[in-house]
Q: 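My structure is below; once you've seen it, I'll send some questions.
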Protein chains: 2
Amino acid sequence: MAVADRKAKDKEALKALILKAAKKLFVEKGVDQTTIRSIATAIDYSVGTVYVYFKDKNAILHALHTQGFIHLSGHFKVLYNVSDPMERLKAMGKVYIKFAITNPDMYDLMFSLKAPMEFLDAINQEEWNEGKGTFDVLRTTVKQCMDKGHFKGHQLEPLAFMIWGMVHGMCSLEISKRSCGVNLGKPETIVEEGYGEFLRIMDKL
Amino acid sequence: MAVADRKAKDKEALKALILKAAKKLFVEKGVDQTTIRSIATAIDYSVGTVYVYFKDKNAILHALHTQGFIHLSGHFKVLYNVSDPMERLKAMGKVYIKFAITNPDMYDLMFSLKAPMEFLDAINQEEWNEGKGTFDVLRTTVKQCMDKGHFKGHQLEPLAFMIWGMVHGMCSLEISKRSCGVNLGKPETIVEEGYGEFLRIMDKL
DNA sequence: AAAGAAAATGAACGATGTTCAATTTTCCAA
DNA sequence: TTGGAAAATTGAACATCGTTCATTTTCTTT
């Protein structure tokens with residue numbers, strides 16, 4: 001049955017090829033300006049082939065979405081070396097920001113997927129479970145900080161949500177600004193400065 | 001010249017009528033599922049008429065976008081009565097959150113307008129100036145807090161940006177969650193709880 | 001009432017996402 | 001080697017979208 005195995009690998013390879021081309025075009029031309037035809041042309045396949053490997057355009061978006069979260073969680077792995085939870089928490093924000101600012105188009109994709117989404121799809125649930133997965137890493141770290149005596153008088157869930165919202169909010173505002181051409185070109189972004197303020201605040205908690 | 005005046009008023013009225021119908025359809029069906037034809041049908045006019053009053057679909061989106069910011073800044077006016085800047089800052093966040101959670105679709109429109117945007121339009125600059133306008137209210141208030149001795153050892157610009165990012169981030173995460181059907185139906189939203197944690201932190205600064 | 005101006009129309013165009021019958025390629029048994 | 005079944009690929013065709021513009025209708029003025 002080696003043949004079947006190779007076929008399966010080929011299928012995965014072509015699927016990956018489609019995704020690679022789609023991602024490149026999304027970044028270059030934007031999601032709306034990227035047509036299925038342009039993706040097919042880029043990899044020298046026909047339109048129909050793309051539809052064999054992906055149900056529709058949203059499925060491609062969804063796959064890239066998933067890739068993005070996997071990519072991000074990969075970056076988080078360096079944090080396993082940081083034993084002190086407070087230091088880990090601080091570093092986690094920096095990793096998150098670096099990822100978002102370095103891959104703004106991918107980050108956009110990861111968090112602006114509501115419009116073309118069918119409501120309440122099973123797929124959709126998966127999507128947010130992945131988001132929840134990254135959030136769990138944050139929640140766990142905050143919990144460990146509290147166990148060590150930090151954040152006295154605060155509640156775990158809302159506090160973790162606030163921290164995620166803060167980092168996400170600054171990143172998405174900055175990315176929006178940049179895609180609108182409002183770029184001040186500072187070497188250190190306002191996002192990192194803003195996060196610096198938060199770090200100074202955390203030192204007191 | 002009474003005729004010309006009435007004509008001008010009619011034009012404005014029809015423009016407003018188009019916007020009203022567009023907003024309703026955007027909220028009901030989503031932006032992508034709302035066609036120019038459906039807008040025209042809703043107000044019993046032809047497709048062409050819509051294009052007489054708006055250059056294209058983006059122009060309608062832009063007009064609604066502007067309306068949203070005007071609406072939000074209207075809600076901010078109750079804050080003029082709060083003389084203490086720290087109290088005003090706290091209240092400002094609550095007003096902002098209430099607006100976002102009460103008008104999630106409008107809020108979405110206001111901050112997810114990058115995709116269909118032409119890069120570096122003069123229009124685009126206007127857009128962000130409006131956004132900057134609302135941000136200026138926040139910046140000014142933070143400045144007054146610092147003048148009164150709060151936020152020692154912090155920088156105005158990054159701190160204000162961090163606060164905006166935090167509130168915006170929590171709101172947009174919550175709105176995304178809801179539009180995906182992940183609704184826990186708590187009476188008090190996680191956003192308000194998260195903001196509550198921030199308020200407790202601010203009391204120490 | 002007629003002519004000119006303004007407003008409204010909707011058929012038509014190009015492009016898009018999507019489908020599917022037809023075609024080509026790949027595979028393995030005879 | 002070969003023949004035909006299974007799998008993979010194709011691209012013409014369809015519905016719908018945003019958009020345009022020559023034409024028609026409505027209104028204003030003389």
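Throughout, a chain's letter reflects where its sequence line sits, starting with A, and its residues are numbered from 1.
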Q: Whole-Å distance between D/dC17 P and B/Asp32 CG?
A: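 Result: 11 Å.
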Q: Does OP1 or OP2 of D/dT9 have a side-chain N or O of A/Thr49 closer than 4.0 Å?
A: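 Result: no.
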Q: Whole angstrom is fine here: how far is it from CG in A/Asn58 over to P in C/dG17?
A: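 To the nearest whole Å, that distance equals 11 Å.
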Q: Determine, using ring centers only, whether A/His168 and A/Tyr107 are less than 6.0 Å apart.
A: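 Under 6.0 Å, so yes.
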Q: So what does A/Phe54 hit on the nucleic acid, given a heavy-atom distance under 4.0 Å: a base, only sugar-phosphate, or nothing?
A: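 Nothing: the residue A/Phe54, judged by heavy atoms under 4.0 Å, touches no strand.
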Q: In whole angstrom, give the distance that lies between atom OH of B/Tyr51 and atom C1' of D/dC21.
A: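 These atoms are roughly 13 Å apart.
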Q: For B/Lys15 and C/dA8, what is the distance between atoms NZ and P respectively, to the nearest whole Å?
A: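 In whole Å, C/dA8 P and B/Lys15 NZ are 13 Å from each other.
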Q: Rounded to whole Å, please give me the gap between CG in B/Leu14 and P in C/dA7.
A: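 Taking CG of B/Leu14 and P of C/dA7, I get 11 Å after rounding.
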Q: As a test of reading the structure: which of C/dA7, D/dA8, D/dC17 is closest to the side chain of B/Arg37, going by heavy atoms?
A: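 Comparing C/dA7, D/dA8, D/dC17 against the side chain of B/Arg37, the answer is D/dC17.
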Q: Starting the side chain at C-beta, find the nucleotide from D/dT9, D/dG18, C/dG17 nearest to B/Lys57.
A: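 Looking only at side-chain atoms, B/Lys57 lies closest to D/dG18.
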Q: Is it true that a side-chain atom of B/Thr102 and a backbone atom of B/Lys98 form a donor plus acceptor pair closer than 3.5 Å?
A: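 Yes, because the side chain of B/Thr102 sits within donor-acceptor range (under 3.5 Å) of the backbone of B/Lys98.
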Q: Return the value, rounded to whole Å, for the distance between atom CD1 of A/Ile39 and atom C1' of C/dT16.
A: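 Rounded to the whole Å, the gap is 12 Å.
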Q: Can you tell me the distance, in whole Å, between the CD1 atom of A/Ile36 and the P atom of C/dT18?
A: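 Distance, rounded to whole Å: 6 Å.
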Q: Can you identify which nucleotide, out of C/dG17, C/dT9, D/dT9, has its nearest atom closest to the A/Val52 side chain?
A: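 When the side chain of A/Val52 is considered, D/dT9 is the closest of C/dG17, C/dT9, D/dT9.
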Q: Take A/Lys90 and A/Asp84, measure what salt bridge (charged side-chain N to carboxylate O under 4.0 Å, His left out) needs, and give me the verdict at the end.
A: CA-CA 10 Å; A/Lys90 290 180 179 180; A/Asp84 179 48; over 6 Å; no
Q: Looking only at the side chain of A/Val47 (C-beta and beyond, no hydrogens), which of the listed nucleotides C/dT18, D/dT9, C/dA8 gets closest?
A: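 For A/Val47, the side-chain atoms sit closest to C/dT18.
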Q: Begin with the C-alpha distance, continue with both residues' side-chain angles, and end with the deciding distance and a verdict on ring-ring contact (aromatic ring centres under 6.0 Å, His included) for B/Phe54 and B/His62.
A: CA-CA 10 Å; B/Phe54 292 96; B/His62 172 265; 9.9 Å; no
Q: Tell me the interatomic distance from A/Tyr45, atom OH, to C/dT23, atom C1', rounded to whole angstroms.
A: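 Distance check: A/Tyr45 OH to C/dT23 C1' gives 16 Å.
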Q: With side-chain hydrogen bond (donor to acceptor under 3.5 Å, both in side chains) as the test, pick out the partner of B/Lys143 among B/Asp147, B/Thr141, B/Thr140.
A: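 In the set B/Asp147, B/Thr141, B/Thr140, the residue that makes a side-chain hydrogen bond (donor to acceptor under 3.5 Å, both in side chains) with B/Lys143 is B/Asp147.
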Q: Taking any heavy-atom pair under 4.0 Å as a contact, classify B/Thr34: base, sugar-phosphate, or nothing.
A: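 The residue B/Thr34 makes sugar-phosphate contact but no base contact.
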